[in-house]
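Nothing fancy with the numbering, it's 1 onward along the sequence.
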Amino acid sequence: QVQLVESGGGLVQAGGSVRLSCAASGRTPGAYTMAWFRQAPGKEREFVAGISRIGGRTYYADSVKGRFTISRDNAKNTVYLQMNSLKPEDTAVYYCAAEETGTSSRSAILYDYWGQGTQVTVSS
């Protein structure tokens, strides 16, 4: 079992920046592929960014590539999402997720553990 707790969300103006954190605890968090997903009102949950177990490989949704950066500090059991050049369409609840098999998936259904989410609202 892995427990995930997100923090860092809030209200930001378009063009601004926010950094989200995901603190992991429980069974060897460093052994999991980690990812961020988001869900806007009335929309399905969508993949945002993922990072491999050691952190050597990162992958992004096209909509955030070049603006968002995912990273992890396994010594602190924390994953980060640095979000720059934010747009109103980035407004959503952002979720941290962990996946056990290391497949670097973009599909939410394959992730085993989820945080409670943190709201990010981008005003125009």
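- For the pair Arg53 (side chain) and Ala31 (backbone), a donor-acceptor distance under 3.5 Å is present.
- Gly117 approaches Glu6 most closely through the heavy-atom pair N-OE1, 2.9 Å.
- With contacts defined as side-chain heavy-atom distances shorter than 4.5 Å, the pair Arg57/Ser104 qualifies.
- Between Lys65 and Asp62, at least one side-chain nitrogen of the basic residue sits less than 4.0 Å from a carboxylate oxygen of the acidic one, meeting the salt-bridge criterion.
- Counting all heavy atoms, side chain and backbone alike, Ala14 lies closest to Ser124 at CB-CA, 4.3 Å.
- Using modelled atom types, one finds no donor on one side chain facing an acceptor on the other under 3.5 Å when comparing Asp73 with Thr78.
- Smallest separation of non-hydrogen atoms from Ser52 and Arg72: O-NH1, 2.8 Å.
- Atoms CE and CG, on Met83 and Leu20 in that order, are 4.0 Å from each other to the nearest 0.5 Å.
- Residue Ile70 holds its CD1 atom at 7.5 Å from OH of Tyr59, rounded to the nearest 0.5 Å.
- A distance-only check finds no donor-acceptor pair linking the side chain of Arg106 to the backbone of Val48 [under 3.5 Å].
- Between the side chain of Arg67 and the main chain of Ser85, a donor-acceptor pair closer than 3.5 Å is present.
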Q: Under the side chain to side chain contact (heavy atoms under 4.5 Å, CB included) rule, what do Ser71 and Gln82 come out as? Steps first, then yes or no, please.
A: CA-CA 8 Å; Ser71 61; Gln82 177 67 44; over 6 Å; no

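- Counting heavy atoms from C-beta outward, Val12 and Thr121 have side chains that stay 4.5 Å or more apart.
- Shortest non-hydrogen contact noted between Ser105 and Phe47 is O-CE1, 4.1 Å.
- Taken to the nearest 0.5 Å, the CD atom of Glu99 stands 6.0 Å off from the CG atom of Asp112.
- Between Val93 and Thr118, every side-chain heavy-atom pair lies at or beyond the 4.5 Å cut-off.
- Distance check: Leu81 CG to Phe37 CZ gives 12.0 Å after rounding to the nearest 0.5 Å.
- In this structure, the separation between OH on Tyr111 and OG1 on Thr33 is 6.0 Å, given to the nearest 0.5 Å.
- Between Val5 and Gln116 the shortest side-chain heavy-atom distance falls below 4.5 Å.
- Using a 4.5 Å heavy-atom threshold, the side chains of Trp36 and Cys96 count as touching.
- For the atom pair OH of Tyr80 and CE of Met34, the computed distance is 12.0 Å after rounding to the nearest 0.5 Å.
- Hydrophobic clustering places Leu4 together with Val79 (ILVMFWY residues linked when any side-chain heavy atoms are closer than 4.5 Å, directly or through intermediates).
- In this structure the side chain of Leu11 never reaches within 4.5 angstrom of the side chain of Gln119, judged on heavy atoms.
- Partners of Glu46 under the salt bridge (Lys or Arg N to Asp or Glu O under 4.0 Å) rule, at least two apart in sequence or in another chain, are Arg38.
- Closest of all the heavy-atom pairs between Asn77 and Asn74 is OD1-O, 3.1 Å.
- Aromatic ring pairs are classed by plane angle as parallel below 30°, tilted from 30° to 60° and perpendicular above 60°; the pair Phe68 and Tyr94 is tilted.
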